[in-house]
Amino acid sequence: METSTPDVQFLRSLMKAHPDFPKKGIVFLDIFPIFRDPLGSETLITHLLFHLTSVTIPRTPNKKIDVVVGLDARGFLLGPIIALRLGAAFVPVRKRGKLPGKCIQATYEKEYGPDIFEMQSDAIQPGQNVIVVDDLIATGGSAKAAGELVAQLGSKVVEYLFIVELAFLKGVEKLDAPAYSIVKEND
Ligand SMILES: O=P(O)(O)OC[C@H]1O[C@H](OP(=O)(O)OP(=O)(O)O)[C@H](O)[C@@H]1O
Ligand SMILES: Nc1ncnc2[nH]cnc12
């Protein structure tokens with residue numbers, strides 16, 4: 001039996017499930033109500049920072065996270081706050097055509113269709129320690145493509161971080177580094 005702590009239960013209670021959005025058959029789990037509640041936002045960031053400082057950083061080479069990569073668009077809610085608190089850089093991964101300058105690309109399949117991700121070529125230096133953050137992992141296509149972009153620039157993802165994991169879709173099995181999710185949805 002899986003048990004969860006009061007902060008995790010509180011965060012899960014703030015999320016709302018929307019059946020058949022954005023299309024029939026998808027149960028969309030909305031994380032925005034967490035950000036509507038200041039205590040929700042505080043609980044979320046405190047939980048993630050505790051995990052990063054007690055688990056992730058101790059096992060990271062040089063004990064330092066250099067770059068936080070956030071995925072378009074809801075990864076942008078978390079990424080800059082975490083980066084600021086860690087003293088790390090924030091780097092966006094965006095859908096095709098949104099970033100100026102020289103970019104690298106990775107194609108991927110998501111829960112509801114194909115897409116292309118881009119990252120600016122000079123955003124990460126070779127050998128930097130990177131974490132990838134997003135609101136949710138479903139099939140894992142988006143996070144895997146982000147990891148491929150980091151690898152193209154000669155760096156390493158030390159952890160993938162999510163608020164929610166749709167565990168029944170087994171997306172984390174596609175990833176090349178450990179993943180941490182606050183809430184695991186099993187059906
Ligand atoms: O694990 P996957 O199957 O790849 O799905 C997860 C991704 O899908 C959602 O983003 P979406 O592409 O809908 O973009 P949005 O944040 O702009 O709504 C979500 O925020 C993740 O990025
Ligand atoms: N079921 C889902 N709920 C919320 N965001 C998603 N992104 C991909 N699948 C999703």
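Each ligand, and each atom within it, is numbered from 1 in the order the structure gives.
Residue contacts with ligand 1: Gly140 is placed with a nitrogen or oxygen under 3.5 Å of a nitrogen or oxygen of the ligand (distance criterion only). In terms of N/O distances under 3.5 Å, ligand 2 is not approached by Phe28.
The side-chain heavy atoms of Phe76 and Asp134, taken from C-beta on, include no pair separated by under 4.5 Å.
Note that CG of Leu136 and CE of Met15 are 8.5 Å apart. Values are rounded to the nearest 0.5 Å.
Taking each of Ser142, Ala145, Ala138, Pro22 in turn, the one with a heavy atom nearest to atom 1 (O) of ligand 1 proves to be Ala138. Around atom 3 (O) of ligand 1, the closest heavy atom drawn from Ile163, Thr139, Leu29, Val164 belongs to Thr139. For atom 17 (O) of ligand 1, the nearest non-hydrogen atom from the set Lys144, Glu109, Glu165, Lys95 belongs to Lys95.
Counting heavy atoms closer than 4.0 Å to ligand 2, residue Val27 contributes backbone atoms (N, CA, C, O) but none from C-beta onward. Here Met15 has no heavy atoms under 4.0 Å from ligand 2, in either its backbone or its side chain.
Atom CZ of Arg94 is surrounded by more than 12 heavy atoms from other residues, nucleotides or ligands within 6.0 Å.
Taking a cut-off of under 4.0 Å to the non-hydrogen atoms of Leu136, the atoms of ligand 2 that pass are 3 (N), 4 (C), 5 (N), 6 (C), 7 (N), 8 (C), 9 (N), 10 (C). Taking a cut-off of under 4.0 Å to the non-hydrogen atoms of Leu166, the atoms of ligand 2 that pass are 1 (N). Heavy-atom contacts of Leu136 reach the following atoms of ligand 1: 6 (C), 21 (C) (cutoff under 4.0 Å).
For Arg59, the salt bridge (Lys or Arg N to Asp or Glu O under 4.0 Å) partners are Glu159, not counting sequence neighbours. Residues passing the side chain to side chain donor-acceptor pair (under 3.5 Å) test with Gln125: none are found, sequence neighbours excluded.
Ring to ring, Tyr180 and Tyr160 are not that close: their centroids are 6.0 angstrom or more apart.
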